[in-house]
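First the structure, in the form of structure tokens, and then the observations on it.
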Amino acid sequence: MTTANLVATVDLDAIAHNVGVLRARSGAGVIAVVKADGYGHGALPVARAALGAGAEAVGTASIREARELRAAGLDAHLMAWLHRPDADFAGAVADDIDIAVSSPRQLDAVLAAARTVGKRATVTVKVDTGLARSGVAREEWDETARTVAEAVAEGAIDLHGVMCHLAFGDVPDNPANDQQAERLDDAVADLTRLGAAPRVVHMANSPAALTRPDLARDLVRPGIALYGYSPIPSMGDFGLIPAMTLESQVVLIKKAAAGQGVSYNHTWTAGEDTVLGVIPAGYADGVPRQLSGRMQVHIGERLFPSVGRICMDQLVIDLGPDGGGVAEGDRAVLFGPASAARGDRVPTATDWADMLGTIDYEIVARIGSRPERRYVGGADGNERRVGEEADEVG
Ligand SMILES: *Cc1c(COP(=O)(O)O)cnc(C)c1O
């Protein structure tokens with residue numbers, strides 16, 4: 001029995017498989033990026049599955065995200081890299097979170113927090129090698145390197161890593177990647193000369209991890225590929241398996257006479273007598289309203305089109321004059337792999353992104369908190385594999 005109208009089923013075996021693909025292709029260790037609640041998949045179960053498959057560490061954007069994982073019992077190496085000036089650095093030090101700093105001011109704040117807590121801080125230096133987003137600016141590099149070296153000499157910090165983030169990771173042969181790598185290596189050389197050599201160096205996101213093993217250094221930091229989406233769709237799927245299936249049921253079936261307008265403002269009108277199905281999924285769940293009349297829902301072996309406006313909680317599909325053989329309670333897949341599905345191809349999050357002119361990252365990260373997350377596979381033996389009992393969602 002499920003109480004949520006919409007269920008995001010996450011296959012933890014797919015996550016584990018994808019970690020294996022990333023390790024093999026990059027030849028490096030993996031920092032599993034689980035920011036934004038694991039790109040909508042659930043940060044804690046994804047982190048556990050990734051670590052179980054050999055990932056070496058877990059990365060989040062905020063300290064809050066990292067501390068939530070620590071509080072839930074994750075004892076792996078945890079790193080967070082995006083902080084407000086008044087971030088909870090003391091909490092991060094107390095919880096052994098590796099704090100990636102982007103300025104001398106952040107480093108000073110971490111040092112102050114370490115003194116307050118009475119504990120050595122674990123620090124990674126995030127260098128802006130060309131993305132021009134977060135990371136230590138070039139004009140602040142010398143001061144940052146000096147302060148890091150002093151703090152290391154005093155025993156105030158443990159310099160764990162040096163990292164940067166690529167601007168053109170998804171364009172593997174863009175020369176900017178090589179320039180960023182050179183600048184990162186220079187930064188590591190500077191710190192080493194000052195007596196503060198880091199333990200690990202990393203820069204590669206998903207696309208670079210899969211296509212540029214020469215950039216991997218010690219570790220890679222994949223996000224989207226962990227969840228099974230190709231970071232460079234034009235280069236194929238790299239053998240990755242999407243982990244999420246977004247599914248529900250047909251909750252109501254009704255007849256509509258020719259001329260009947262459907263949903264708000266009747267933006268679609270039945271051209272002939274037909275049968276409508278109601279799916280309890282809407283934009284508050286992360287189903288973009290702009291997909292109104294454009295997306296399709298997979299039921300049984302067939303696709304049925306959305307008609308009229310997608311609402312906050314529900315959308316309507318046209319089952320056709322004969323009702324398509326669909327019954328109330330039938331499983332309805334919005335996107336997936338839904339591996340056991342037959343017949344028409346099941347839509348993917350990438351299909352949705354393509355229709356909207358965005359990337360699948362945005363589709364999965366916006367699956368809200370209302371849909372239930374259900375986990376299958378994984379070392380803990382969660383339920384069964386996706387799709388083995390295709391009709392059982394309710
Ligand atoms: C989000 C993020 C990643 C992961 O990027 P993907 O493109 O999803 O692989 C890696 N590193 C940093 C700093 C990030 O912000």
Side-chain angles (χ1 to χ4, degrees), residues 15 18-19 21-23 25-26 28-41 43 46-47 50 55-66 77-83 97-103 106 123-136 160-172 174 176-177 180-181 184 187 200-213 215-235 237-238 240 242-244 349-350 353 358-366:
I15 302 281
N18 298 333
V19 170
V21 170
L22 286 154
R23 291 174 74 194
R25 281 217 169 229
S26 66
V30 165
I31 301 175
V33 176
V34 300
K35 62 192 182 189
D37 200 21
Y39 291 44
H41 293 65
V46 167
E56 314 217 340
V58 172
T60 62
S62 70
I63 286 172
R64 176 179 171 159
E65 292 171 309
H77 186 93
L78 287 172
M79 175 181 55
W81 55 72
L82 189 62
H83 324 292
I97 309 297
D98 177 358
I99 307 165
V101 295
S102 283
S103 73
Q106 283 186 358
V123 168
T124 286
V125 179
K126 189 171 194 285
V127 189
D128 181 359
T129 57
L131 178 59
R133 200 176 68 178
S134 59
V136 178
H160 186 78
V162 175
M163 68 185 275
C164 73
H165 197 46
L166 297 170
F168 288 92
D170 58 347
V171 189
N174 190 297
N177 294 319
Q180 287 196 257
L184 187 67
V200 296
V201 177
H202 43 92
M203 75 185 108
N205 53 1
S206 295
L210 292 165
T211 61
R212 290 289 308 263
L215 299 183
R217 303 297 179 270
D218 303 293
L219 297 166
V220 293
R221 272 191 334 269
I224 197 74
L226 202 58
Y227 305 97
Y229 297 100
S230 173
I232 314 178
S234 63
M235 289 183 68
D237 66 9
F238 299 96
L240 301 165
M244 186 187 286
T350 313
T358 184
I359 51 177
D360 39 26
Y361 292 65
E362 185 175 352
I363 301 298
V364 291
R366 284 194 168 179

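Index from 1, following the sequence. Read the numbers this way: they start at 1 and go in the same order the structure lists the ligands and their atoms. These numbers were taken from a predicted model, which means no experiment stands behind them.
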Side chain to side chain contact (heavy atoms under 4.5 Å, CB included) against Ala61, all qualifying residues, sequence neighbours excluded: Lys35, Glu65, Trp81, Leu82
Beyond-backbone contact of Val200 with Ile31, side-chain heavy atoms, under 4.5 angstrom: no
Non-hydrogen side-chain atoms of His202 and Met163 separated by less than 4.5 Å: yes
Tyr39 and Tyr361 aromatic ring geometry - parallel, tilted or perpendicular at 30°/60° bounds: tilted
Between CG on residue Asp128 and CD on residue Gln180, distance to nearest 0.5 Å: 8.0 Å
For a distance cut-off of 3.5 Å, show me each N or O of ligand 1 paired with any protein N or O, plus the separation.
from	atom 1	to	atom 2	distance (Å)
ligand 1	7 (O)	Tyr361	OH	2.7
ligand 1	8 (O)	Tyr39	OH	2.5
ligand 1	8 (O)	Ile224	N	2.8
ligand 1	9 (O)	Ser206	N	2.8
ligand 1	9 (O)	Ser206	OG	2.5
ligand 1	9 (O)	Gly223	N	2.8
ligand 1	11 (N)	His165	ND1	3.4
ligand 1	11 (N)	Arg221	NE	2.8
ligand 1	11 (N)	Arg221	NH2	3.3
ligand 1	15 (O)	Lys35	NZ	2.7
ligand 1	15 (O)	Trp81	NE1	3.4

Residue that, paired with Pro207, satisfies side-chain contact (heavy atoms from CB on, under 4.5 Å) out of Asp170, Val171, Asn177: Asp170
